[in-house]
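All remarks here apply to the structure that follows.
Computed from a predicted model, the values in this text were never measured in an experiment.
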Amino acid sequence: MAKAIKFAEKALTVAANGAWHVYDAVNSLKPNNPSFTPKWSDKPLLKSYEKMKPTLGWPRETDSLCPKCIPEVRQEILDGKRDYKILINEKPGEIKARIIEKNGHIVMVKNCPIHGDFEDLMSIDPAFSQHLEDTFPGRDIRAHNDEKLHNHGTSTVTHGRGSVLTIDLTNRCNMMCDPCFMDANQVGYVHELGWEDIKTMLDNAAQIKPRRQMSVQFSGGEPTLSPYFLDAVRYSRKVGYNSVQAATNGIEFAKSVDFCKQAAEAGLRYAYLQFDGIGNEANSHRLVGNLFDVKLRAIHNLHNAGVDIVPVITIVNGINNEQVGAVIRFALDNPKIISFLSFQPVSFTGRDEAVTDERRQAQRYTLSHLAHDVKNQVGLGEPVRDWFPISFMSTFSDFADLVHGPQAEWGQLSCGCHPNCGIGMALMIDKETKEAVPVTAFLNAEQLVKDMARINDAARSKKFSVLGVTLALLRNYDPFQAPTHFTLSDMVKKFDKCFGMSKKDYGKVTGDRSEQDIEKRRSDRWNFLFIAGMWFQDLFNYDFRRTEQCIIPYATQQGEISFCAYNTGVGWRNIIEKMHMTATLTKWYDEHGRHEIFAGGKKVKLEENLTKLVLREEDVQKEQQHDLDSVGIAKNAREEKVRARDEKIKETAYNSHMAKLYRENVLGEQPAPAGFVPLGAIGGMGGIAPAAAVKPVPMVEKEQEKAVGSFGD
């Protein structure tokens, strides 16, 4: 029966292809209808050919930063020696960089007149990178009505409003992780937003045009430690954000079922859950004794409460890159619970900003690594066929903006980031049989987007545009490559559910959604699993062409700043948090007490694990990755500091030994008898005196102790 349906669908796709050509001919009769200006923008919708693009391809030149100059400039600002406004009015630490192909890889090379040459890996697969840049549709509408919030010199966000507004509620955290891009719990002060700060940031964000910010993510530190976490979620829904998220380590959600319910009732829709791999061994570098058990319990509690979970995996080469396949298998085995994965290649910032060249080169992981690891470890996804820049989806967003009309209060979610920032691949999974197929294996996405661009550019009526997109979907669909039980009807419904072509009720996602709405959306047999890779910059690969079209800006007390300019780049985070710090750490502890921190192998107390998640024993029991041990490279900043300290001790001992040999063999000093102390060794009395100038003075043991004590105290 299923095979007969496939043949019938194939006939329908052939007919749709013929109908499309008729439609396209009619659509081309008047191709230049003006775009309307929606309520959420003071500028009209952009046609595809009006979208700006930065210089792409290679070799190319761009603006970057010196990894050595910037920490120096930032420290001078923090020390009060320079005004932070030099970051707005000047260009400290900025240098040119070239992106070139070298030895089959794409690399960034740059030179600082003071600190010399730097080189960093951008991609291990030039063909893959070329594909991403070729399918980049262009930037979003330029930001306007934004003068009060976008004023950060060369770090200013200039295009669009992105997809997620990020707000750090606190810099306090209940873990001590490596890596940590914000160096939580280590900066000597607390920066925690008050309630008026939070409301102001949310209100301000809604004023910028284009008003596309439909999502807000509360982060930190650990956002659940903020006393205003639930209030912030609730107020976001009230303001109009329909996707409220928390970037969390999951500890508080794992500890309390009631807290999960409260968060869901307040309006939390997504938990972006720190998730380094499958099994406690894969998470052991975070130094929490039962961290994977915490993750499972958090997923269980949150899902039962109605919150969707997005595992967020920071990938470090040699530490957990072998976990890519295990995490995807985990999602494939639990399609009713996991519908989004976010892999984030390591950014050497925060605690890792002073990384050694040796460790950086060993641990560097790129988006091209991710695409190949998914294929090699899971057997799914052809890098050049199935992966696209995240911004590829903006053409679909443009269509949704068109059909929602000029009276819509908010623009559609639009991920208009640079093609080097983020990538994605979608799998269609049968929740009943768990069969999984890349969407682009049965849907010609590149041609579909070209067809949709023609529809968007024509700017015709909603009905005519919906007809065109339906024909485009049908003609680019191959039923024989789709999952066994997947039908054309399922595909059209899935598209409608995402972009709202019809008025069909798939379950609300707005602030007034109910448990029934949640269950209705979850009842869909098909899980559209999106696997994303988001690569945040650091000082070694920084590109200003990326920051100016950032899709995840931070809302701060000094305006809205791109993610990379805030956490890396010139380091606006350090500067703003110190400018607006709540209290020194000592004062905070005196007034509020110490919050619990899980580190050094400490375990989180949990209720009995009753999770319904499916786990593969071979993935759970896999031991920690040891690639770096075999080559003697430190795993994190903490190990590097320990090694540097040990090397200093060795160097001091060696220098002391060499000095002793010098005195004895070159200056002719005789070794001092036991019980004698040379004058130069007494604290505060200067350096070594030659034997001919100063003779050792004999002392009895008691006198020696007294002398050292009086000078050395």
Aromatic contact, Y542 with F540 (centres under 6.0 Å): no
Mind telling me whether F229 and F259 have parallel, tilted or perpendicular rings, with 30° and 60° as the class edges? tilted
Are I167 and S219 packed together at the side-chain level, in the sense that at least one heavy-atom pair is separated by less than 4.5 angstrom? no
I'd like to know whether the aromatic ring centres of F563 and F536 sit less than 6.0 Å apart in this structure. yes
Ion pair check, R522 and D308, cut-off under 4.0 Å: yes
Quick check against the 3.5 Å criterion: does R234 have a side-chain atom that pairs as donor or acceptor with the backbone of A266? no
Under 3.5 Å: donor-acceptor pair, side chain of T395, backbone of A453: no
Mind checking the CD1-CZ spacing from I390 to F530? Nearest 0.5 Å is all I need. 5.5 Å
Could you tell me whether K431 and D524 make a salt bridge, using a distance below 4.0 angstrom between a side-chain N and a carboxylate O? no
Does K51 use its side chain to pair, donor to acceptor, with the backbone of D140 at less than 3.5 Å? no
Hey, can you tell me if Y272 and F340 have their rings parallel, tilted or perpendicular (30° and 60° cut-offs)? tilted
Main chain of G277, side chain of N283: is a donor-acceptor contact present, judged purely on distance under 3.5 Å? yes
Test side-chain contact (heavy atoms from CB on, under 4.5 Å), reference F218, set V244, T170, T248, L193, output is V244
Between F388 and F392, what is the ring plane arrangement, given parallel below 30°, perpendicular above 60°, and tilted in between? parallel
L202 backbone acceptor or donor facing Y241 side chain under 3.5 Å: yes
Side-chain ion pair, K39 and E409, N-O less than 4.0 Å: yes
Y228 and Y235 aromatic centres sub-6.0 Å: no
Mark yes or no for whether H404, through its side chain, and D401, through its backbone, hold a donor-acceptor pair below 3.5 Å. no
How close do R545 and D63 get, counting heavy atoms only, and between which atoms? NH1-OD2, 2.9 Å
Would you say that more than 12 heavy atoms from the other residues, nucleotides or ligands in this model lie under 6.0 Å from the NZ of K148, or not? no
Does H191 reach the main-chain N or O of D168 with its side chain, forming a donor-acceptor pair under 3.5 Å? no
From the list V157, N151, I576, T166, side-chain contact (heavy atoms from CB on, under 4.5 Å) partner of I561 resolves to I576
Tell me, yes or no, whether the heavy-atom count around K53 atom NZ, taken from other residues, nucleotides or ligands under 6.0 Å, exceeds 12. yes
Of all heavy-atom pairs linking I552 and S163, the shortest is CG2-OG, 4.3 Å
Does D231 come within less than 4.0 Å of K199, counting only side-chain N to carboxylate O? no
Where L230 and A263 come nearest, the two heavy atoms and their spacing: CD2-CA, 3.6 Å
Distance-only, no hydrogens or angles: does the S342 side chain make a donor-acceptor pair with backbone N or O of V312 under 3.5 Å? no
Might you point out which heavy atoms bring A232 and I198 nearest each other, and give the distance in Å? CB-CG2, 3.9 Å
N/O donor-acceptor pair under 3.5 Å between D146 side chain and I208 backbone: no
Between Q537 (side chain) and D543 (backbone), is there a donor-acceptor pair under 3.5 Å? yes
